[in-house]
Structures are given as structure tokens and as C-alpha cells.
Asker: 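Encoded as C-alpha cells, here's the structure I'll be asking about.
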Protein chains: 2
Amino acid sequence: MPTDLPRRKRATIHDVAVESGVSRGTVSRVVNGEKYVSAEARIAIEAAIIKVGYVPNSAARSLVLQRSLAIGFLVHEPHSLFVEDPNIGNILLGANQTLSLADYQMVSLIIDTERDTERVARYLSGGFVDGVIVVSARENDPLTRLIERLGLPATFVGHPPDLRQLPFVGINNRGSARAITNQLVATGRKRIGMVAPAMDRDSGSDRMAGFRDALGDRFDPALVASVPFYSFSSGLAGMRELLQRDPLIDGVFAAADSVAAGAVEALREAGRRIPEDVGIVGFDDSSWALRTQPPLSTVHQPATELGEAAARSVLSQLRGEEPNLAGIILDSPVVWRASA
Amino acid sequence: MPTDLPRRKRATIHDVAVESGVSRGTVSRVVNGEKYVSAEARIAIEAAIIKVGYVPNSAARSLVLQRSLAIGFLVHEPHSLFVEDPNIGNILLGANQTLSLADYQMVSLIIDTERDTERVARYLSGGFVDGVIVVSARENDPLTRLIERLGLPATFVGHPPDLRQLPFVGINNRGSARAITNQLVATGRKRIGMVAPAMDRDSGSDRMAGFRDALGDRFDPALVASVPFYSFSSGLAGMRELLQRDPLIDGVFAAADSVAAGAVEALREAGRRIPEDVGIVGFDDSSWALRTQPPLSTVHQPATELGEAAARSVLSQLRGEEPNLAGIILDSPVVWRASA
DNA sequence: TTGTATGCGTTATCAA
DNA sequence: TTGATAACGCATACAA
């Protein structure tokens, strides 16, 4: 039987004060590293803190300070996306890094069900976080409305069309899609198709718009296969369909690297050589891009930097600065490799 | 210029009480859905709540209740792993699902630097969470020690060797590795190698031990390529090395599907057919397993279920039940496909 | 059924 | 430089 050490009650400032023979006020000053406390008091108190194992209670501190020093990171994704999307991890890491430097604790909340939505709403309303970063909000998202109502400092990564008065960071999906399609055209391809994922999101439809921009008159709706997700299997299915619709296709824009990887597999199945028979380009420059054979030409999405920028944006709001409602757009250059 | 609606101060119970003409105590009772409150009072209060936009302050509630109704989910991973590991997402989702049903808010904290460790320590100590789920703790982890000292209800996913008195959930890595290696042997392979990732973690070394168990006398250390991470590129490098060491190799155990996928690529480079020339098996049954050509034979790791079990374990501790220190081991059956 | 009063652990104001 | 003491917003025991 394990030694059943009774979980001692947490020591409070009061305990430290008693132990060291000073008042609670003085202890508080030491804990917060303020000036105007005598050397001897400080020494006695520091010893007492260790002795009684004091650790400050954040709930009490939040209550009086009216802030928690924590920032929420909301992820609102269907299962598969959260598990497969390589960008989200980097956004998370970038945001955490910046918040960490400012001594803010980042807490990620994942929203997966209706029930989650309500609980997270309570969490946000309750003062557990001072601000929030939101990735992949959907259009008409109840949490977006809540954040607006609460006046909670927030920054979105990407911008759902109904965002209106809230700041966001993002990339120029349309312009980058246009740019890489242009480069694909420049390689001399004649029949260029697109595997178009996630048309229900702004990122998806914007990339499609850019593709269309670049092709102009040569755009052929019959050469666009719309697929639901940013995923490998979506790419596999989409490319198979495209090959069936037009076996002579010689260029493909797969609007996410994971999708492109699936498309590459479908092309290989069909015995097409890359880039000799068909040139293919992706989007994201995620780890997928270097896994295909040959490596993908793609658009570099600065995921880490997006996280950092979002974090900086909420921190600046916390300092009382006016948020940039026009949005912060980061560069997303084409990186050309061997797949086209 | 946007209409600058001044962010109203948050309404309190007091405001509701004034608005509805009753005492704060009664309001509190309504908010918490208690009995013994007259219908008319309830109606008036509910109207007032909506009118003033009252939402309870969780910090204050935590303080008096001495609990936060939140559970931490600690992720302690080097960058690359967090971004690439497909299991962690499922563990997260499983845990969130179970906690959500119990009306607990799961908050994920990611630990990436020394600074993060200290901040998270403060966060855990400060009463922001009632318990914690820890994935991928390392040996000699300061947070493990902290959790012990705090007596914070906790459950680990996987078990660092120095865990001692803390409950955990996991799978039988060694047994499953042995089982799948045995099946590989049974296909008639004569020269079987292993790409062995993450030997510095218990999961890595246990899988290696199982491989060795299965091979017995036929185990040849020269046919083991140790690689640092559970990643595609590790698999690629490891398999290339193995092929160089022994071009006649005809069977491979790559101890994670991501690693196996990399190995498949290396084999393809080398012109080896799968499974005709060499049979390969993986571990995890992650989405990688269905992306290789042919699909991987592997060990099914019940990631979602591990998350659920971990969540159930901390919840039971919160109810005051004694934790199962012997560990909860879930089934991880071999799933045989076409790669061997 | 309702109101009053007290305490949860901190910080901050004001005298001393 | 230090010590009282009053908030912070809520729940609850007790009285009414």
C-alpha cells in the first residue's frame, strides 16, 4: 500500500506571514518583488515561503487584478483537420513562443461539439483568459459573436467573411494562388486543372479565385474537382476524378500540399510521370512538400510567423492599443521545386 | 471610423440583484439552479440577468469553490514531434471528449522551452486546473516532480521509467512489437532489420526489446538503424543506411508508421518491390499506414481510447477514488495489410 | 423562501 | 518600511 501522505492543504500568504512574523502585506510585497522591504524581512519571508511551501493562488490573484495573464488559443476544426493539418501545429508553436516571452500562458481550447461551444463560451466569459487567438473560425460562428459582445481582445488567423470589426492576420491566398498558377502556365502546360479543397472556407474559395484569375479565358470548370478537406485522401480522390474527366490533363494546382501529395499518388497509379507528363503545384509548403517524389513546387505559408503575429496583435490590444482592423497580411512567396 | 462602443464593465451578481430587487444570495441560487426559490423571483432574476448581460466570474467562483472545473493537458514535445505525430491529436480529441461530457474544460498547455516549464509550473500550482493529463513526459521531468509534490490529480499517457507513484495509461509496446515481428518472420523473411526511432523514450526502447524477443538468436545488431525521431525523414535516412549495410535485407520493422513511410520511400528509391522483395511493417496504425503503397501492416495504437482512459482516470481521482498505480494497459492488436 | 454576513487568497490604499 | 483594512465576485451557513 502506498504511503498515504495526506495531501496537505495549500499554504497561503497568511501562513507565511505567521511563520515569519510579519504582516501579509509585507509578504505580498516580497512575493511580487517590490521595493521598500527591509533585507531582514525579505530573508525571513523567503525562508518561510520555502518552509511552508507557499505558492500563490492564481484564482485569488486574478480576482483582484482583474486579469489572468493567460491567453486562449481556440481551435475550431473537424477531427480530421486537426489531426492532419500541419499548419496548425506551427501556428500554435509560433503563438506560444511569442506569448511565452511576454510571460503569458497560452491555453488551447479545442471545440469539437455543440457542448464544447457552450463550455468554452463560459470559460471565455469567466475571466480565465485576458484575450484570445482564434484559428479557423467558421462563418456565423457563435463564439465569434460572443467575443464581439464580450469585447474580449482577440485576433483571428484567417478571416471568416463576417468578421467585420475584429482584427486578423493572414496571407493573400488569392494573389499567391494566381502567382503559382501563372508559373505553372509558364512551363507550357496546355490543359491545367485544379483539385479544390474546402470551398466552404475563405482560404479555399480565395485560392480558387486566384487560379481562375490566372487562367482567364482558358479557365475550364470541367477541370476543377472540388473536394471537402485539406487532406491526402481528398487529393487522391480529386485527382482520380480529374484524370477520368480528361486523361490529357498536363498541369494541376492542388490547393494544399497534403492534397497535392494525394494527387501525386493518383498520378503515379495512372502511370503519369512528374513533371514530364504532368506538372503539379501545391500550397502551404508544409512537411508534405518534401515528401513527394519529386518535391513539390508550392506557396510558402508562414505558419509560425502567423502565430507570432497573432500573438503580438492580442498583446498590443492588452496594452490598450487600437487593433488593426484592416488585417495584417504576411508574405507567402512561391517556392519552386521539381514537381512542375 | 468604427462605432467605438465603450467596453462596458462586466455585470456582477450585485447588478442583477439590484435590477431584480432581490438579494445577491437569491440571485446566486438561481444561477446555480438550486431549489427553494419562488417562481416570481426566478422569473424576475432571469430577466435581469439577460438585461444586464450577467455572466458569472469563474475566478471568483474558483476561489470560493476551491476548484476550477478545468483539466490541464500537458504536451511536452520537441517541435517536430508535435507537428508531425498523428497520435497526439487523437489522444487530445479522446481526452477532450470524455472531459467535455463531464463538463470539464480541457486546456492544453504546450511546453517547448525552459521558460515554458516555469510558467506552466506556476499555472498548475495556482489552482487554474483541478487535475492534469500528461503526454510524453521525459525521464526526470521537473513537472513530474512538481505534480507529485502538489498532489495534483494526474494521469500520464505512457510511463517514463521514473514515474513511481503516479497512474498511467498505455499499451504493451514490447508485446506488440514482438507479435508483429513474429508475423513478419512467419512470412519467410530471412534477413530482418529494424529502423528504431526514439530509443531515448520508453516506447522506443520497448519496441526494440520486443523486436529482439521475437528474433532471439537470429537478432543481428548490425541490422538495426537507430534514428532520433518518429518522423518520415528519420525513416528515409534509417532505411537508406540499412540498405547500405546489407543490400540483401528482406524484412523491416519500422517502429512507427511515419518512419515506415519514409522507409518505403527509401526502398522505392532503391528499386525494391514491396512486399515481393522486402516485407515491411510499422507501428501505430496512424493515417500514414493507408498512404503508403501498398498499405502498411502495423500495430493498432488506440490513441483516442488512450485519451479517453486518461481522462476517466483523472476524473475518478477527482471523485476521490484511489488511482490505479499499476497502470491501465489497452489492447494494441496487429492489423495485417499488404506491405508484408 | 429569502436576506445577511462571512470567507475564499490576493493586492492595494492609507496611516503609522 | 510596515501593518491594517478594504475590495475583488461569488457561495453558503444561518437567521429570519
Side-chain angles (χ1 to χ4, degrees), chain A residues 8-46 48-49 52-70 122-130 150, chain B residues 8-46 48-49 52-70 122-130 150:
Chain A
R8 269 177 322 156
K9 217 170 152 308
R10 214 87 115 216
T12 72
I13 274 204
H14 178 78
D15 301 322
V16 177
V18 170
E19 178 67 29
S20 56
V22 300
S23 76
R24 299 179 305 181
T26 308
V27 174
S28 177
R29 281 186 275 268
V30 167
V31 169
N32 294 305
E34 284 175 32
K35 309 181 54 153
Y36 300 119
V37 32
S38 66
E40 58 178 338
R42 167 161 285 128
I43 291 173
I45 291 171
E46 279 167 352
I49 286 178
V52 305
Y54 169 73
V55 35
N57 179 315
S58 312
R61 177 177 274 176
S62 295
L63 184 56
V64 57
L65 254 26
Q66 302 287 52
R67 59 208 179 87
S68 61
L69 295 182
R122 287 205 303 274
Y123 194 84
L124 296 182
S125 314
F128 275 149
V129 296
D130 298 337
L150 250 35
Chain B
R8 268 176 325 156
K9 218 171 151 309
R10 215 88 115 218
T12 71
I13 275 203
H14 178 78
D15 301 323
V16 178
V18 170
E19 178 68 30
S20 56
V22 300
S23 76
R24 300 179 305 181
T26 307
V27 175
S28 177
R29 283 185 273 268
V30 168
V31 170
N32 295 306
E34 284 175 33
K35 309 181 57 155
Y36 301 121
V37 34
S38 67
E40 57 179 339
R42 167 162 283 128
I43 291 172
I45 291 171
E46 278 166 353
I49 285 178
V52 304
Y54 170 72
V55 35
N57 179 313
S58 313
R61 179 177 274 176
S62 295
L63 184 57
V64 54
L65 255 26
Q66 302 287 54
R67 58 206 181 87
S68 61
L69 295 181
R122 287 204 303 273
Y123 194 84
L124 296 182
S125 314
F128 275 148
V129 297
D130 297 337
L150 250 35

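Chain letters run A, B, ... following the sequence lines, proteins first, then strands; residues in each count from 1.
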Asker: Need one value for B:Val16: base, sugar-phosphate or nothing, where a base atom within 4.0 Å counts as base even if backbone is also close, heavy atoms only.
Answerer: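 Nothing, no heavy atom under 4.0 Å.
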Asker: How long is the line joining CG of B:Asn57 and C1' of D:dA7, in whole Å?
Answerer: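 Rounding to the nearest Å, CG of B:Asn57 and C1' of D:dA7 are 14 Å apart.
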Asker: Can you give me the bend angle of the helix from C:dT1-D:dA16 to C:dA16-D:dT1? Use the axis through the first five pairs and the one through the last five, nearest 10 degrees.
Answerer: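 Both end axes considered, the difference amounts to 40°.
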Asker: Whole angstrom is fine here: how far is it from CD1 in B:Ile45 over to C1' in C:dT1?
Answerer: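 So the two atoms are 11 Å apart, to the nearest Å.
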Asker: Starting at CZ of A:Arg10 and ending at C1' of C:dC8, how long is that distance when rounded to a whole Å?
Answerer: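 A:Arg10 atom CZ is separated from C:dC8 atom C1' by 14 Å.
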Asker: Let's see if you can work this out: which of D:dT2, C:dT10, C:dT11 has an atom nearest to the side-chain heavy atoms of A:Arg29?
Answerer: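 Shortest atom-to-atom distance from the side chain points to D:dT2.
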Asker: State, yes or no, whether a side-chain contact exists between B:Pro56 and B:Tyr54 at a heavy-atom distance under 4.5 Å.
Answerer: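 Sidechains of B:Tyr54 and B:Pro56: in contact.
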Asker: Checking A:Thr12 against A:Asn57 for the side-chain contact (heavy atoms from CB on, under 4.5 Å) test, could you report, in this order, the C-alpha distance in whole Å, the side-chain angles of both residues, the deciding distance, and whether it holds?
Answerer: CA-CA 8 Å; A:Thr12 72; A:Asn57 179 315; over 6 Å; no
Asker: Quick one: which of D:dT2, C:dG9, C:dG3 gets closest to the side chain of B:Ser23?
Answerer: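 Side chain of B:Ser23 sits closest to C:dG3.
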Asker: To the side chain of A:Thr26, which of D:dA11, D:dG3, C:dT2 is closest?
Answerer: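 Selected nucleotide: D:dG3.
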Asker: Could you give the CZ-to-P distance, from B:Arg67 to D:dA11, as a whole number of Å?
Answerer: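 Value for this atom pair: 11 Å.
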Asker: Please state how far atom CD in B:Glu34 lies from atom P in D:dT12, giving the value in whole angstrom units.
Answerer: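 Taking CD of B:Glu34 and P of D:dT12, I get 7 Å after rounding.
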Asker: Quick one: closest heavy-atom pair of A:Val30 and A:Arg42, and the distance?
Answerer: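 Heavy atoms only, the tightest pair is CG2-CA, 4.2 Å.
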Asker: Looking only at non-hydrogen atoms, find the nearest pair between B:Ser68 and B:Asp130 and report the distance.
Answerer: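 Result for this residue pair: N-OD1, 2.8 Å.
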Asker: Using a cut-off of strictly less than 4.0 Å between a heavy atom of the residue and any atom of DNA chain C, enumerate the qualifying residues of residues 58-66 of chain B by number.
Answerer: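 Contacting residues: B:Leu63, B:Val64, B:Gln66.
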Asker: Looking at every strand, decide which applies to A:Val31 at a 4.0 Å heavy-atom threshold: base, sugar-phosphate, or nothing.
Answerer: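 The answer is nothing, as A:Val31 stays clear of every strand by at least 4.0 Å.
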Asker: Contact between A:Ile13 and A:Val16 at the side-chain level, heavy atoms closer than 4.5 Å - yes or no?
Answerer: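 Not touching, per the 4.5 Å side-chain cut-off.
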Asker: On a heavy-atom basis, which atom in B:Ser23 and which in B:Ala17 lie closest, and how many Å separate them?
Answerer: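 Closest pair (atom of B:Ser23, atom of B:Ala17, distance): C-CB, 3.9 Å.
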Asker: Counting N and O atoms only, with roles assigned by atom type, does the side chain of B:Ser62 sit under 3.5 Å from a partner on the main chain of B:Ser58, one being a donor and the other an acceptor?
Answerer: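 Yes.
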Asker: State which of C:dT11, D:dT12, C:dT1 makes the closest approach to the side chain of A:Ile13.
Answerer: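 Shortest atom-to-atom distance from the side chain points to C:dT11.
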Asker: Do other residues, nucleotides or ligands put more than 12 heavy atoms under 6.0 Å from the CD atom of B:Glu40?
Answerer: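 Incorrect, the count does not exceed 12.
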Asker: Kindly say if B:Ser38 contacts the phosphate of C:dT2, meaning a side-chain N or O under 4.0 Å from OP1 or OP2.
Answerer: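 Checking C:dT2 against B:Ser38, a side-chain N or O does come within under 4.0 Å of OP1 or OP2.
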Asker: Looking at C:dA5, D:dG3, C:dT10, which one has an atom nearest to any side-chain atom of A:Arg24?
Answerer: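 Out of C:dA5, D:dG3, C:dT10, the nucleotide with an atom closest to A:Arg24's side chain is C:dT10.
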Asker: From the options C:dG3, C:dT11, D:dT1, select the nucleotide whose nearest atom is closest to the side chain of A:Tyr36.
Answerer: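 That would be D:dT1.
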Asker: Below 4.0 angstrom from OP1 or OP2 of C:dT11, is there any side-chain N or O of A:Asn32?
Answerer: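 Yes, because at least one side-chain N or O of A:Asn32 sits under 4.0 Å from OP1 or OP2 of C:dT11.
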Asker: Please tell me if B:Ser28 has a side-chain N or O lying less than 4.0 Å from either OP1 or OP2 of D:dA11.
Answerer: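 Yes, within the criterion.
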Asker: Parallel, tilted or perpendicular for B:Phe128 and A:Phe128, by the 30°/60° rule?
Answerer: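 B:Phe128 and A:Phe128: perpendicular rings.
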Asker: How close or far is atom C1' of D:dC10 from atom CD1 of B:Ile49, stated in whole angstroms?
Answerer: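 Atom-to-atom, B:Ile49 to D:dC10, this comes out as 13 Å.
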Asker: Please examine the side chains of B:Arg61 and B:Asn32, heavy atoms only from C-beta on, and report whether any two atoms are closer than 4.5 Å.
Answerer: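 A side-chain contact under 4.5 Å exists here.
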